[in-house]
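Hydrogens, waters and symmetry mates play no part in the numbers below; they use all other heavy atoms, side chains included.
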Amino acid sequence: MVVLATKCYVEGDARERALDGMNALVDNAVGDLDVTWEVGVRHDDFVSVTVTGDDEVAARNLLREEWGEVATGSGLTTGEIYVGTLESWDEDGFVLDAGERVRIPADQLGLGPGSPSQIRDRFGLVQHLPLRFVADDPPRLADAERDRLFGWTRGDNGRLNVNSATRGEVRATLNRAGHARDIVTVERLGLLEQSVVCAAGTDPPGLLASVGEYLPAELKCVIP
């Protein structure tokens, strides 16, 4: 079994749709291999995939590469890079869930000036967003993660980051609200965390105001 570093924290019909979507994503990743799989959700909302078959090792490796894996058993190894989901924040830093709680101190975020709350707003970090970090003393955000987030604030394209919705749901909402031409794409950040890449000239706060009523989610703007 592989415990993927993404969560399914919605309930009811939304949960069923999310898991159907997750099953399709697993199919896209490993459907050509000689394996069968079953998608589930752990008690802590992390998505698990049980894989069996002749190509099960290759399939697990593909899923780990695409989604990251939650450490189980022996825990985190010093110096290794892991993925955790953003669970909370305060003036002392971020708290990630990587199968165990990991606190990234404010001075180890490496995302420029400001308090952790201000940094979260500036980079549009919605709750449950998967983030890569280095297990160290103290833990720190991975260099590749810092580069990715800084990249969001550069160039001509702003972003609208969303949680609690699948990529398909976000796309359908944008189309329904008449904003299909105002975006470049919707990037999948996690199972239920998406990043709407705005077309040049599209105002992210304006887009948020227009679609916010249709999405029962946390929405955060990234303004370049």
Side-chain angles (χ1 to χ4, degrees), residues 4-10 18 44-47 67-68 70 81-136 138-155 157-167 169-170 173-174 183-198 202-209 211-212 215-224:
L4 305 182
T6 191
K7 288 191 171 186
C8 184
Y9 43 83
V10 292
D44 53 6
D45 293 331
F46 279 111
V47 174
W67 294 91
V70 171
I81 296 176
Y82 296 92
V83 183
T85 57
L86 177 61
E87 297 305 303
S88 63
W89 49 91
D90 54 33
E91 293 310 298
D92 295 324
F94 290 172
V95 176
L96 308 184
D97 188 352
E100 61 183 77
R101 290 299 191 270
V102 176
R103 175 172 283 278
I104 311 292
D107 63 359
Q108 296 299 315
L109 296 175
L111 294 174
S115 69
S117 293
Q118 290 170 329
I119 288 171
R120 190 176 86 91
D121 288 340
R122 185 163 69 247
F123 289 94
L125 306 183
V126 293
Q127 190 177 28
H128 306 301
L129 175 71
L131 295 170
R132 289 166 289 181
F133 69 95
V134 179
D136 213 334
R140 65 184 188 276
L141 282 187
D143 289 344
E145 190 63 72
R146 293 168 177 168
D147 291 344
R148 177 177 74 143
L149 298 180
F150 276 121
W152 288 359
T153 65
R154 302 186 180 115
N157 303 102
R159 289 174 178 259
L160 179 63
N161 292 342
V162 182
N163 68 11
S164 304
T166 65
R167 187 168 181 246
E169 289 169 341
V170 172
T173 299
L174 291 165
I183 71 167
V184 176
T185 189
V186 179
E187 288 184 6
R188 182 182 295 108
L189 304 178
L191 175 59
L192 293 170
E193 299 79 38
Q194 322 300 332
S195 186
V196 179
V197 182
C198 299
T202 299
D203 176 46
L207 185 62
L208 185 156
V211 304
L215 283 171
E218 182 183 24
L219 298 93
K220 289 279 188 182
C221 294
V222 184
I223 301 173

**Asked** Can you check whether Leu174 reaches Val211 side chain to side chain, under 4.5 Å on heavy atoms?
**Response** yes

**Request:** Under the side-chain contact (heavy atoms from CB on, under 4.5 Å) rule, collect the residues that match up with Asp136, sequence neighbours excluded.
**Result:** Thr78, Val134, Arg140

**Request:** Please report the shortest heavy-atom distance between Pro113 and Ile119, naming the atom on each side.
**Result:** O-CG1, 3.9 Å

**Close side-chain approach of Pro224 to Thr153, heavy-atom, < 4.5 Å** = no

**Prompt:** Would you say the side chain of Val186 lies within less than 4.5 Å of the side chain of Val197, judging by non-hydrogen atoms?
**Reply:** no

**Complete:** For Pro130 and Leu189, the nearest pair of non-hydrogen atoms, with its separation, is CG-O, 3.6 Å

**Request:** Grab the two heavy atoms, one from Val222 and one from Phe123, that are nearest each other, plus how far apart they are.
**Result:** CG2-O, 3.4 Å

**Heavy-atom check, side chain of Leu192 versus side chain of Thr166, under 4.5 Å** = yes

**Complete:** When every non-hydrogen atom of Trp89 is compared with those of Ser117, the smallest separation belongs to CD1-OG, 3.6 Å

**Asked** Given the rule in the side chain to side chain contact (heavy atoms under 4.5 Å, CB included) test, do Cys221 and Leu160 qualify, once you have shown the distances and angles that lead to the verdict?
**Response** CA-CA 5 Å; Cys221 294; Leu160 179 63; 4.0 Å; yes

**Item:** Audit row: Lys220, Glu193, salt bridge (Lys or Arg N to Asp or Glu O under 4.0 Å) steps and yes/no
**Value:** CA-CA 11 Å; Lys220 289 279 188 182; Glu193 299 79 38; over 6 Å; no

**Asked** Counting only N and O atoms by type, is there a donor-acceptor contact under 3.5 Å from the side chain of Tyr82 to the main-chain atoms of Val70?
**Response** no

**Message:** Under a plain distance cut-off of 3.5 Å, with no hydrogens placed, do Glu187 and Thr185 share a side-chain donor-acceptor pair?
**Reply:** no

Distance-only check: which donor-acceptor pairs under 3.5 Å involve side-chain atoms of residues 99-109, not counting sequence neighbours?
residue, atom, partner, partner atom, Å
Arg101, NH1, Asp97, OD1, 3.4
Arg101, NH1, Asp97, OD2, 3.0
Arg103, NH1, Asp90, OD1, 3.1
Arg103, NH2, Asp90, OD2, 3.0

**Complete:** Paired with Trp67, the side-chain contact (heavy atoms from CB on, under 4.5 Å) test is passed by just one of Thr6, Val47, Val83, namely Thr6

**Message:** Less than 4.5 Å apart, side chain to side chain, heavy atoms only: is that true for Leu111 and Leu149?
**Reply:** yes

**Request:** Would you mind reporting whether Val162 and Val126 have side-chain heavy atoms less than 4.5 Å apart?
**Result:** no

**Prompt:** Which atom names give the shortest non-hydrogen contact between Gln127 and Glu87, and what distance separates them?
**Reply:** NE2-O, 2.8 Å

